[in-house]
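One structure below.
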Amino acid sequence: MNIDPVILFFLLGIAAGLLRSELRLPAAVYELVSMILLLSIGMKGGIELARQPLEAMLPQILAVLLLGSLLPFVAFPVLRFVGRLPRADAASIAAHYGSVSVGTYAVGAAWLADQGISFEAQMPLLLVMMEIPAILIGILMARGFRSDLRLSLVAHEVFLGKGVVLLIGGLLIGWIAGPSGIVSIEPLFFDLFKGVLALFLLEMGLITAVQIGGLRHYGVFLVVFGIGMPLLSAVCGALVGVWLGFSEGGVTLLAILAASASYIAVPAAMRVSVPEANPALSLAASLGVTFPFNVLIGIPLYHSLAIRLGA
Amino acid sequence: MNIDPVILFFLLGIAAGLLRSELRLPAAVYELVSMILLLSIGMKGGIELARQPLEAMLPQILAVLLLGSLLPFVAFPVLRFVGRLPRADAASIAAHYGSVSVGTYAVGAAWLADQGISFEAQMPLLLVMMEIPAILIGILMARGFRSDLRLSLVAHEVFLGKGVVLLIGGLLIGWIAGPSGIVSIEPLFFDLFKGVLALFLLEMGLITAVQIGGLRHYGVFLVVFGIGMPLLSAVCGALVGVWLGFSEGGVTLLAILAASASYIAVPAAMRVSVPEANPALSLAASLGVTFPFNVLIGIPLYHSLAIRLGA
Amino acid sequence: MNIDPVILFFLLGIAAGLLRSELRLPAAVYELVSMILLLSIGMKGGIELARQPLEAMLPQILAVLLLGSLLPFVAFPVLRFVGRLPRADAASIAAHYGSVSVGTYAVGAAWLADQGISFEAQMPLLLVMMEIPAILIGILMARGFRSDLRLSLVAHEVFLGKGVVLLIGGLLIGWIAGPSGIVSIEPLFFDLFKGVLALFLLEMGLITAVQIGGLRHYGVFLVVFGIGMPLLSAVCGALVGVWLGFSEGGVTLLAILAASASYIAVPAAMRVSVPEANPALSLAASLGVTFPFNVLIGIPLYHSLAIRLGA
Amino acid sequence: MNENLRKLLTIITEAAVEKLLVKDLEKLGAHGYTITDARGKGSRGVRSSAWEASSNIRVEVVCDEVTAASITRHLQEHYYANFAMILFTADVAVVRPAKF
Amino acid sequence: MNENLRKLLTIITEAAVEKLLVKDLEKLGAHGYTITDARGKGSRGVRSSAWEASSNIRVEVVCDEVTAASITRHLQEHYYANFAMILFTADVAVVRPAKF
Amino acid sequence: MNENLRKLLTIITEAAVEKLLVKDLEKLGAHGYTITDARGKGSRGVRSSAWEASSNIRVEVVCDEVTAASITRHLQEHYYANFAMILFTADVAVVRPAKF
Ligand SMILES: Nc1ncnc2c1ncn2[C@@H]1O[C@H](COP(=O)(O)O)[C@@H](O)[C@H]1O
Ligand SMILES: Nc1ncnc2c1ncn2[C@@H]1O[C@H](COP(=O)(O)O)[C@@H](O)[C@H]1O
Ligand SMILES: Nc1ncnc2c1ncn2[C@@H]1O[C@H](COP(=O)(O)O)[C@@H](O)[C@H]1O
Ligand code: NA
Ligand code: NA
Ligand code: NA
């Protein structure tokens with residue numbers, strides 16, 4: 001078997017974290033590395049947008065917006081009634097799993113590239129679209145349409161958070177500059193991509209190790225949910241992909257997006273909008289279980305699923 | 001029209017800033033990015049120095065030293081008597097506009113390269129030379145030859161500030177190592193240059209957005225000055241370039257240098273040497289008006305000026 | 001003569017430091033740069049491990065472990081009885097000189113590559129091996145087998161320090177992924193290597209300048225030791241290299257490793273395990289004298305030594 | 001000297017609430033604040049990662065006694081239940097008391 | 001108000017001892033701590049590099065008087081001789097005194 | 001205990017003056033200082049960018065009452081008019097009073 005080195009960086013991070021090594025990325029380096037990933041993914045999507053008519057993608061955009069809005073409705077009752085979690089926690093975790101993880105997407109896209117499987121160029125655009133609706137749904141689930149909902153604050157948090165701004169900003173830059181315009185900045189944003197992803201996953205491994213430590217407190221339900229939910233979501237995502245007529249690679253990536261759980265945009269938004277939800281709980285699930293599961297096991301699984309579904 | 005992506009990064013920064021997004025570059029990333037730019041520009045100049053007799057450049061160096069010393073004398077009376085600014089503020093702003101902006105230079109050089117227009121290789125050396133005299137002039141304008149002038153402190157601030165040390169250091173390294181010696185470090189300092197410039201301009205956009213916010217307090221005079229002064233300086237710079245027998249690219253770049261206003265070396269030196277000058281004022285002009293004006297509109301303008309002057 | 005530009009960056013750092021320039025790398029940048037170097041060196045070694053039978057290297061590993069353990073026994077009596085240093089200080093400095101410096105190794109390997117001299121691929125593995133034994137020897141020299149030796153803490157400090165984790169982690173990643181697997185992350189870790197090394201040496205120059213300032217207090221003995229000890233160690237290292245049947249490049253690098261003095265892993269371990277040793281003393285010697293000596297003068301010297309010994 | 005006495009309020013809490021908190025401080029009458037990045041440990045466990053979700057800020061406000069009391073009350077009511085947060089108050093002498 | 005009074009212990013020392021120090025603080029009864037990165041100068045010279053070996057940390061512990069005294073004693077005995085370190089104590093009023 | 005009492009002077013000001021300020025502090029008799037990077041807001045507006053021109057430092061000096069007073073006076077005379085700066089003083093108990 002041939003393991004992608006970026007996965008090995010992730011495992012190195014987990015091992016160093018569990019062994020309580022002193023290794024840690026400075027905050028500034030983690031931010032630089034995330035910025036490059038987000039801008040790069042955004043620009044890749046934007047470059048392709050420059051090549052396609054936007055209207056053709058409207059149905060796809062609507063489909064993933066719907067997918068992202070519905071997944072929390074699957075997760076919430078399980079969390080609330082099987083897991084017996086308080087309403088705020090159930091809503092917050094449901095939002096995490098309805099939204100997407102850019103890191104998981106990057107690993108999945110790299111895995112497909114390694115296998116020589118191409119995918120629809122608009123995937124980064126769909127990624128951006130899927131990031132947002134679950135956040136709004138989660139907040140409504142937790143708080144209802146109450147008067148003190150400070151909607152402008154929520155919208156600000158959601159649409160102007162670092163991640164979304166960089167993704168959409170990259171998208172627009174790629175779109176306006178087009179494939180030939182972007183050539184001069186490719187060495188930083190495209191050639192270094194995999195190396196930067198390796199550093200990012202090293203830090204993700206260190207963070208995951210901390211979350212694994214926290215899992216003990218929350219019992220077996222969270223682990224089962226953290227594996228079961230992405231499997232279910234992946235099936236939903238793959239079906240939507242097939243229905244949209246995507247290629248094998250596109251179906252796989254949509255399954256990966258659906259299966260992934262947010263750990264950047266959603267936690268930040270929930271902390272401010274649903275503060276009574278315990279962030280340790282949702283991060284233990286999304287980072288301690290689902291992220292490593294998807295990255296280490298899920299991706300090839302979702303690919304076989306895509307093939308089985310005839311994509 | 002074909003917009004350089006680095007300009008799009010600048011616009012993204014301005015937009016994110018004006019929308020009060022949470023996006024910001026960590027200080028360490030900003031410093032890394034500036035360091036690479038300064039070293040790279042310095043080395044590019046140094047490599048070319050290795051190819052040319054130094055004596056041939058002495059007249060050029062003298063000419064730009066003079067240019068940098070005289071521009072403050074144009075700016076000062078306008079600021080003092082038309083703008084009715086206090087003496088210290090007028091002197092400080094005059095120093096900003098007599099000196100140069102490395103970021104503007106980098107965008108200008110990239111723009112010329114995009115257009116396939118070559119320029120004199122010694123421009124980075126002239127840039128370094130033009131950075132300094134206006135600072136000394138500005139301090140003298142503000143304080144006169146008073147006894148408490150702590151000249152050694154001023155000299156230290158001017159010649160040993162980060163920017164000047166990296167530019168001159170890069171120049172010497174490029175000069176000593178020569179074009180073949182530098183090959184091994186080109187991937188970091190030259191291949192990534194445009195990408196690094198993009199990140200730099202993203203942060204410049206964020207900073208500019210803050211300064212634009214501050215403009216309101218200082219009224220229309222500062223805006224007019226921030227556009228009029230670079231136009232005037234560009235003409236002076238272009239004329240000097242023509243007189244020196246520079247090529248079309250060289251005349252354009254000298255106009256750009258003259259038109260640019262410092263926002264790194266000069267503010268730091270002024271803060272210490274002319275503390276009674278309000279830094280918000282000079283930065284609102286140089287960053288809130290002149291930098292975006294030059295980068296978005298000025299550069300092609302100065303190029304047509306160079307052509308019109310027969311360069 | 002053709003000076004490698006990375007050496008020029010080192011000299012620029014020293015000059016800027018001695019002139020009290022404001023130039024300094026942010027801590028986060030220094031950490032990023034070190035991380036890339038350590039991972040890169042580790043991966044280079046690991047890739048080659050993937051090509052060789054491990055058993056063949058066991059004698060080499062044993063030889064360098066022994067070399068690293070014995071050098072402190074040469075240094076300690078000189079420091080204790082000629083230099084009249086307190087026991088803890090003598091032990092701590094001995095540990096620094098028995099261990100190795102990754103920065104010196106990187107400059108040496110780059111120098112050999114520049115000269116077109118190849119070397120044994122397993123050198124990074126031997127580097128890792130040589131880093132550790134002297135630390136343990138040094139602690140025992142200072143404290144004896146006392147009951148309060150908190151051995152687990154020491155082991156943790158030694159084996160799980162940042163440097164060792166990144167080197168060994170890189171080694172394992174390179175080993176598992178193999179030469180073809182690693183291709184995708186080469187642009188960051190291998191193509192940028194020399195440029196990153198240049199930034200690293202710039203900061204090392206700044207640090208060295210501070211240490212040179214500190215030398216005054218400790219007199220001429222430390223300077224003589226800081227030059228004499230690496231010369232002696234280089235001879236030992238070169239002899240071991242010849243005895244192991246290494247090539248010209250391999251013998252040179254082993255001499256360089258032996259001659260180099262640690263300034264990352266050992267200071268950190270000593271600070272915790274032998275706190276009564278004055279860190280200013282050992283850093284003045286290893287950074288203020290030995291590092292610049294090796295980097296500027298030692299490396300070509302050790303190469304001629306290797307040739308003279310018939311390698 | 002007595003007229004120069006003010007309260008120094010120090011709040012240590014999650015980095016995620018910085019924006020919110022700053023808005024509230026200004027609304028409650030603080031004329032300024034100073035923030036440094038921090039890490040630490042308390043009843044909600046270790047908070048010390050590179051990563052915003054697990055990092056702290058340390059906020060200082062110099063203000064008069066009334067403002068200090070109203071900030072304290074507000075934070076107790078609106079933040080304490082849900083956020084990692086501690087708060088303490090000390091007496092300090094300031095130079096231009098009118099400022100605070 | 002009096003029952004809300006606690007001690008704020010501030011320790012400024014070498015970054016290299018962070019792990020060790022934190023362990024000791026917890027053993028000595030501190031319920032929490034806050035750390036910020038710092039630079040500075042003292043009797044052991046300037047400590048201000050990018051570089052761990054020469055950088056400082058600033059550790060704050062809010063605790064009762066007894067714990068403060070025992071931490072102070074412990075640090076004097078085990079750290080002062082060998083490490084760059086200063087320590088000072090101030091009186092602070094806290095909000096949930098049971099926590100500290 | 002009383003002999004252990006010293007002043008803790010905290011200065012929050014522009015990063016740009018660090019070098020100057022540190023020189024002055026030493027000239028005025030401070031035996032040491034500790035600096036952390038900070039951001040904040042005061043009468044001169046928000047100071048919180050990545051960018052040196054708009055960032056703050058937080059400087060602490062432990063010293064005796066006389067030194068504290070003379071530093072305060074000096075800063076009032078030479079810095080207050082031109083720089084974003086606040087300054088406050090608190091009583092602290094120290095361990096080796098001879099040091100400060
Ligand atoms: N006793 C303490 N002394 C100093 N800092 C503390 C203490 N307790 C908590 N903290 C800080 O306050 C933050 C939040 O505390 P908590 O809400 O107790 O988790 C922690 O992460 C620490 O940085
Ligand atoms: N008088 C002082 N005021 C504030 N900080 C100090 C003082 N003396 C020492 N420090 C800090 O404590 C650290 C260690 O002090 P020392 O052990 O005296 O070298 C220094 O690096 C400073 O950060
Ligand atoms: N009331 C306050 N409480 C805490 N910090 C303050 C206060 N006022 C000002 N500051 C800090 O001191 C800096 C300079 O203040 P100023 O000169 O008022 O602009 C600000 O940027 C803040 O970091
Ligand atoms: Na999902
Ligand atoms: Na100019
Ligand atoms: Na050695």
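Note: hydrogens, waters and symmetry copies are ignored here, and every other heavy atom, side chains too, is used. Sequence lines set the chain letters: A, B, ... in the order given, protein chains first and strands last, and positions in each chain run from 1. Only a predicted model underlies this, so the values are computations on that prediction, with no experimental measurement involved.
The parts of D/Leu87 that come within reach of chain E are both its backbone and its side chain, each placing non-hydrogen atoms under 4.5 angstrom from that chain. For a residue to count as touching a neighbouring chain, one of its non-hydrogen atoms must lie under 4.5 Å from one of that chain's; by this rule D/Asn56 does not touch chain E. Using a 4.5 Å cut-off between heavy atoms, E/Val95 contacts chain D through both its backbone and its side chain. Interface residue E/Ile57: only side-chain heavy atoms are found under 4.5 Å from chain D. Interface remark: D/Thr89 contributes backbone and side-chain atoms alike to the contact with chain E (heavy atom separation under 4.5 Å).
Annotation: maximal heavy-atom pairing with chain D below 4.5 Å, among E/Arg96, E/His31, E/Glu26, occurs at E/Arg96. Heavy-atom pairs under 4.5 Å with chain D peak, among E/Asp91, E/Asp37, E/Val22, E/Val59, at E/Asp37.
Between the side chain of D/Ser54 and the backbone N or O of D/Arg47, no donor-acceptor pair lies under 3.5 Å.
For E/Glu18, the salt bridge (charged side-chain N to carboxylate O under 4.0 Å, His left out) test picks out D/Arg39, with sequence neighbours left out.
Using a cut-off of 4.0 Å between Lys/Arg side-chain N and Asp/Glu carboxylate O, D/Arg44 and D/Glu14 are scored as not salt-bridged.
What you find for D/Thr67 and D/Ala30 is that their closest heavy atoms are CG2-N, 4.0 Å. Among all heavy-atom pairs drawn from E/Asn4 and E/Pro97, the shortest one is OD1-CG, 3.2 Å.
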Test log, rule salt bridge (charged side-chain N to carboxylate O under 4.0 Å, His left out), inputs D/Arg6 and D/Asp64: CA-CA 5 Å; D/Arg6 288 291 176 277; D/Asp64 58 37; 5.6 Å; no
